[in-house]
Amino acid sequence: MTSSPLAPEWLDHPADANDLPAAIWPRSAARTATGEIEIGGLAAPALAERFGTPLYVIDEQDARSRAREVREAFQAEAANAGTTATVYYAGKAFLSIEVVRWMVQEGLSIDVCSGGELAVALAAGADPAHIGLHGNNKSLDEIDRAVAAGVGAIVIDSAIEIERVAEAAARHGRVQGVRLRVNSGVHAHTHDFLATAHEDQKFGVRLEQAAEYVAAIRSHESLRFRGLHCHIGSQIFGAAGFAESAARLLAVHAELLAGGEVPELNLGGGYGIAYTGADDPTPIAELAAGIVAAVAGECGRLGIAVPGLAFEPGRVIIGNAGVTLYTVGTVKDVLVGQHDGTDAVRRYVSVDGGMSDNLRPALYGADYTVRLASRESDADPALVRLAGKHCESGDIVVYADYLPGDVQPGDLVSVPATGAYCWSMASNYNYLGRPAVVAVSEGEARVLIRRETEHDLLSRDASYLPTTAAEAVKP
C-alpha cells in the first residue's frame, strides 16, 4: 500500500504499523505474545481496565535512568573541565510528590516556577537549599515563602524583583542566593538557532544591562549573587545554540568578576526528544560534551576559571518515560478532495480525551505518534488523524500517523512521549476531569495523581448542592 496523498512529507509509510520505535517509547515498552503493548511489565488493557482511560502512564525506571544519565553526563564532563555541575529537574515538565522524590534520589536538584510547584517540592521533602525558583512575575507571597523556606536560588527576572527579594531576605534574617536571568540574543528551536541583537520576550533582561543589575544585587547585604542564567528555547537538537549563548554570557561573566565572585553559570535546559520517527535528538552525552567543551574553551580564551555549571533539563528526563492510553469511540472517513483523480480520504479516529489532557498539538502544532495498544493487526496501514472529544475543530491529539486499517471503536490506543507538558498543561475544558497518572515498575502500578471525578469538579462550584448523602461524601 502506498502513502496517503494527505500524509505530511516527513511521515514515512510504515512497513509495520505495530512497531514501537525505541527512540520514542519508554525503554520497557514491548508487545506481549498476544500483541498488547506492555510498559513496566504491565499490559495496557489491564492498566486501562484498572484505572480507566484516558490514562497517563509513567515508566518509573525509565524516568529514573534518564535522570541519572543526564546528571552523570554533565558531572563527568564538568569534572574533565575542572569544575562541577548541578542538574536541576525542571518541574514544569511534570511534577508530583513522588516524581520529586525520584529526582532527589537520583541526585538532582529541583527547579520550580510557582508557589504551587514549590509546595509540591517541599511536600516531597526536597532540601530547600537544592531548589531553584523561576518566574517573570513572582508574587510577594511566593518570594516570601521561598526565602522563608531557605530556597537556594531565586532567579531575578526584573529590577523590581531585586528589591522585593532583598527586602524579604532582610526581614527573615537570611542572605538569599540569586541568579540574574539574561537574554543572550540566541534563540534555538529544534536543530536551528538564530543569533540576534535583542529578544522580544517577557523573560529576563538584556545582556547589556547585566552589570547594572548585578551592581544593584551586590548593593544589598541580604543578597548573594550566584551568577548569570539563560534559557535559549525548547526541543533543541545539537549543542551549537548553547555554545553561542555561553560565549556571550561568559564575556559578561568575565567582566563581572572584577566586582566580586561569580561562582556559577546556569545555561538552562531545553534538550529535545523524539516524538515521531522524523525526530533525531542529540544523545545527552554528546550534548553534555559539546556544551561543557564550549564553556571550557571560551574560559580558556578569556583567561578565567571555569565556573560551576548548572543545567535545567525536564522534557529529556520525563518526556519519553510517559505514554497516554485512550479508548477509541468513533471512526469515520472524511472526503478531503481529489489527488490525481483519486478520492483523498482522511480517517478520523476519535478518542475519549483530547486537548484537555494534551494541549500541545492545539497550542504548538506539535506532532505525536500513535499505536494500537490492545492488539496487533496485519491490516494494511491507514493514515489517521487522532481526534479528541472536545467541542473544538482544533482538538487534535495526533495530526497524522498510520494505524492498521481495521482500527475500530473499543480499541485501546497509546500515544507515546507524553510524560512532559501534558498533565502539567491539562484542563477541565468541557468539564472533563483530568486523567489519573500512574507509575509502573517491575510489574506493579500505583497512582501518583488520582483521576478527577465530576463530583470533584462540581464541588468547586459554590452553588452546588449534593442531591444525596452518598454524593456528599464521594472522594
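Treat the numbers as computed from the prediction; the structure is a model and nothing was measured.
For the atom pair NZ of K202 and OG of S158, the computed distance is 12.5 Å after rounding to the nearest 0.5 Å. With values rounded to the nearest 0.5 angstrom, I162 atom CD1 is found 8.0 Å from L223 atom CG. Rounded to the nearest 0.5 Å, atoms NE2 (H390) and CE (M355) are 7.0 Å apart. Remark: D12 CG to Y402 OH distance equals 9.0 Å, nearest 0.5 Å. Here the straight-line distance linking atom CD of Q61 with atom CZ of R66 works out to 12.5 Å at 0.5 Å rounding. The distance from atom SG of C113 to atom CG of L95, rounded to the nearest 0.5 Å, is 9.5 Å.
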Check the pair I110, Y89 against side chain to side chain contact (heavy atoms under 4.5 Å, CB included), reporting the backbone distance first and the verdict last. CA-CA 5 Å; I110 305 296; Y89 171 67; 4.2 Å; yes
Would you please test F311 and I291 for side chain to side chain contact (heavy atoms under 4.5 Å, CB included) and show each step? CA-CA 11 Å; F311 304 93; I291 295 170; 3.9 Å; yes
If you apply the rule ring pair (Phe, Tyr, Trp, His ring centres under 6.0 Å), what do you find for H231 with H134, and how did you get there? CA-CA 11 Å; H231 182 74; H134 276 284; 8.0 Å; no
Give the C-alpha distance, both sets of side-chain angles, the deciding distance and a yes or no for side chain to side chain contact (heavy atoms under 4.5 Å, CB included) between V397 and Y368. CA-CA 7 Å; V397 179; Y368 282 88; 5.6 Å; no
Stepwise side-chain hydrogen bond (donor to acceptor under 3.5 Å, both in side chains) test for T453 and D456: CA-CA 5 Å; T453 66; D456 290 328; 3.2 Å; yes
Could you walk me through whether T324 and N358 satisfy the side chain to side chain contact (heavy atoms under 4.5 Å, CB included) test, starting with their C-alpha distance in whole Å, then the side-chain angles of each, then the deciding distance to 0.1 Å, before giving a yes or no? CA-CA 9 Å; T324 307; N358 189 349; 6.0 Å; no
side-chain hydrogen bond (donor to acceptor under 3.5 Å, both in side chains) evaluation trace for D367 with T276: CA-CA 7 Å; D367 289 305; T276 73; over 6 Å; no
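With D59 contributing its side chain and I39 its backbone, the two residues share no donor-acceptor pair below 3.5 Å. Counting only distance, with no hydrogens or angles, the side chain of N266 and the backbone of G268 share a donor-acceptor pair below 3.5 Å. At least one donor-acceptor pair closer than 3.5 Å links the side chain of S424 to the backbone N or O of A93. Of the possible donor and acceptor atoms, one in the side chain of N183 sits under 3.5 Å from a partner among the backbone N and O of F203. At distances below 3.5 Å, at least one donor-acceptor pair connects side-chain atoms of E142 with backbone N or O atoms of G115. Using modelled atom types, one side-chain atom of R248 and one backbone atom of S184 make a donor-acceptor pair closer than 3.5 Å. For the pair T83 (side chain) and P307 (backbone), a donor-acceptor distance under 3.5 Å is present. Of the possible polar contacts, none joining the S356 side chain to the G433 backbone as a donor-acceptor pair under 3.5 Å is found. Formation of a donor-acceptor pair under 3.5 Å by the Q235 side chain with backbone atoms of G270 is not found in this model. A donor-acceptor pair is defined here as one N or O able to donate and one able to accept, closer than 3.5 Å; no such pair exists between the side chain of R315 and the backbone of I273.
A 4.5 Å side-chain heavy-atom check between E221 and V175 finds every atom pair outside the cut-off. Looking at P26 and V323, their side chains come closer than 4.5 Å, going by heavy atoms from C-beta outward. By the 4.5 Å heavy-atom criterion applied to side chains, I58 and V440 are not counted as neighbours. In this structure the side chain of V182 never reaches within 4.5 angstrom of the side chain of V252, judged on heavy atoms. Considering only heavy atoms from C-beta on, L287 comes within 4.5 Å of I284 through its side chain. Side-chain contact check for R434 versus I449: every heavy-atom pair is 4.5 Å or farther apart. Between V292 and N80 there is no side-chain heavy-atom pair separated by less than 4.5 Å. Considering only heavy atoms from C-beta on, I317 comes within 4.5 Å of L108 through its side chain.
Residue pairs meeting the ring-ring contact (aromatic ring centres under 6.0 Å, His included) criterion with at least one member in residues 279-298, sequence neighbours excluded, do not occur. Legend: side chain to side chain donor-acceptor pair (under 3.5 Å) pairs involving residues 116-133, not counting sequence neighbours: none detected.
Look at E69 and R27 and you find a salt bridge, because one of the NZ, NE, NH1 or NH2 atoms lies within 4.0 Å of a carboxylate O, short of that distance. Classification of R371 and D19 as a salt-bridged pair holds, one side-chain N sitting under 4.0 Å from a carboxylate O. Taking a cutoff of 4.0 Å between a charged side-chain nitrogen and a carboxylate oxygen, D157 and K138 do not qualify as a salt bridge. Note on E98 versus R101: no salt bridge recorded, every NZ/NE/NH1/NH2 to OD/OE distance being 4.0 Å or above. One finds a salt bridge joining E60 and R446 here, because a Lys/Arg side-chain nitrogen approaches an Asp/Glu carboxylate oxygen to under 4.0 Å.
In terms of heavy-atom proximity, A159 sits nearest to Y213 at N-CE2, 3.3 Å. The heavy-atom pair separating A362 from G394 by the smallest distance is CB-O, 3.7 Å. Taking each heavy atom of D62 and S65 in turn, the nearest pair found is O-OG, 2.9 Å. Between P281 and A274, the shortest heavy-atom contact is CG-N, 3.7 Å. Between A149 and P128 the shortest heavy-atom distance is O-CB, 3.1 Å. When all heavy atoms of Y88 and P313 are compared, the closest pair comes out as O-CD, 3.1 Å.
Around atom CD of Q105, more than 12 heavy atoms belonging to other residues, nucleotides or ligands sit under 6.0 Å away. Heavy atoms of other residues, nucleotides or ligands lying less than 6.0 angstrom from OH of Y364 number 12 at most. Open room surrounds CG on D280; 12 or fewer heavy atoms of other groups in view lie less than 6.0 Å from it. More than 12 heavy atoms of other shown residues, nucleotides or ligands fall within 6.0 angstrom of atom CD in Q201. Within a 6.0 Å radius of CD1 in I160, no more than 12 heavy atoms belonging to other residues, nucleotides or ligands are found.
A donor atom on one side chain and an acceptor atom on the other are found under 3.5 Å apart for E392 and Y429.
Checked against salt bridge (Lys or Arg N to Asp or Glu O under 4.0 Å), E163 has no partners two or more places apart in sequence or in another chain.
Under a cutoff of 6.0 Å and an axis angle of 45°, R451 and F51 do not form a cation-pi pair.
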